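Below: the structure, in structure tokens.
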Amino acid sequence: MKLQAIHLDKAALSLAISADIDFDRFTDFADPLVAALDCHVRERQWGADRHQWLLEFEGSQLWLNYEFYGNICWLSTEREADFEVLEYLATLLKPYL
């Protein structure tokens with residue numbers, strides 16, 4: 001897995017991930033990402049232009065999103081208290097840059 005960039009956004013409670021992602025082969029990107037983050041997949045959803053997976057990391061729920069048209073991928077949380085989880089996960093991704 002090779003990432004181009006990662007970016008934390010506290011206001012949006014998100015961690016943006018830039019990489020070469022093929023929408024039709026999203027699992028080829030997402031499965032190694034989830035493994036590198038030591039997360040568990042709880043749910044997988046997809047539509048015409050979006051993948052959305054519900055992940056769990058040590059009791060925190062996170063959403064892994066990918067939108068085809070904007071070619072954007074990000075992890076997000078709905079709880080401000082879980083932003084520190086995204087900060088920690090960002091450190092796990094740095095070796096893949």
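Just so it is clear, the structure is predicted and the values come from calculations on it, not from any experiment.
For the atom pair CG (Leu62) and CG (Asp82), the distance works out to 6.5 Å, reported to the nearest 0.5 Å. Taken to the nearest 0.5 Å, the CH2 atom of Trp53 stands 12.0 Å off from the CG atom of Asn65. Considering CG of Asp31 and CZ of Phe26, their distance stands at 9.0 Å, rounded to 0.5 Å. We find the CH2-OG1 distance between Trp46 and Thr27 to be 10.0 Å, quoted to the nearest 0.5 Å.
Cluster partners of Trp74, by chain and number: Ile72. The rule joins Ile, Leu, Val, Met, Phe, Trp and Tyr whenever side-chain heavy atoms lie under 4.5 Å apart.
Listed by chain and residue number, nothing satisfies the ring pair (Phe, Tyr, Trp, His ring centres under 6.0 Å) test with Phe29 (two or more places apart in sequence, or in another chain). With sequence neighbours left out, the side chain to side chain donor-acceptor pair (under 3.5 Å) criterion links Glu84 to no other residue. For Asp28, the side chain to side chain contact (heavy atoms under 4.5 Å, CB included) partners at least two apart in sequence or on another chain are Arg25. Remark: Phe68 engages Phe23 in a ring pair (Phe, Tyr, Trp, His ring centres under 6.0 Å) (not counting sequence neighbours). Residues satisfying the side chain to side chain donor-acceptor pair (under 3.5 Å) criterion with Asp49, sequence neighbours excluded, are absent altogether. Contacts of Phe83 classified as ring pair (Phe, Tyr, Trp, His ring centres under 6.0 Å), with partners at least two apart in sequence or in another chain: none.
Considering only heavy atoms from C-beta on, Cys73 comes within 4.5 Å of Leu64 through its side chain. Side-chain contact between Phe57 and Thr77: absent, with no pair of heavy atoms (C-beta onward) separated by less than 4.5 Å.
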Under 3.5 Å donor-acceptor pairs involving side-chain atoms of residues 36-43, not counting sequence neighbours:
| residue | atom | partner | partner atom | Å |
| --- | --- | --- | --- | --- |
| Arg42 | NE | Glu56 | OE1 | 2.9 |
| Arg42 | NH2 | Glu56 | OE1 | 3.3 |
| Glu43 | OE2 | Gln45 | NE2 | 2.1 |

Can you give me every donor-acceptor pair (side chain of residues 4-15, partner residue at least two apart or in another chain, under 3.5 Å) with its distance?
| residue | atom | partner | partner atom | Å |
| --- | --- | --- | --- | --- |
| Asp9 | OD1 | Ala11 | N | 3.1 |
| Asp9 | OD1 | Ala12 | N | 3.1 |

Decide side-chain contact (heavy atoms from CB on, under 4.5 Å) for Leu55 and Ser60; before the verdict, give the C-alpha distance in whole Å, the side-chain angles of both, and the deciding distance to 0.1 Å. CA-CA 8 Å; Leu55 308 179; Ser60 296; over 6 Å; no
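Among residue pairs with one or both ends in residues 88-97, none qualify as salt bridge (Lys or Arg N to Asp or Glu O under 4.0 Å); sequence neighbours excluded. Contacts classified as salt bridge (Lys or Arg N to Asp or Glu O under 4.0 Å) and involving residues 13-24 (residues at least two apart or in different chains) are not found. Evaluation of the salt bridge (Lys or Arg N to Asp or Glu O under 4.0 Å) test over residues 66-76, restricted to residues two or more places apart or in two chains, returns Arg50-Glu67.
Val34 and Trp63 are assigned to two separate hydrophobic clusters, defined by single-linkage of ILVMFWY side chains at heavy-atom distances under 4.5 Å. Both Leu89 and Leu3 are members of a single hydrophobic cluster when ILVMFWY side chains are connected at heavy-atom separations under 4.5 Å.
Tyr96 and Met1 make their closest contact through CD2-O, 3.4 Å (heavy atoms, listed as atom of the first residue, atom of the second, distance).
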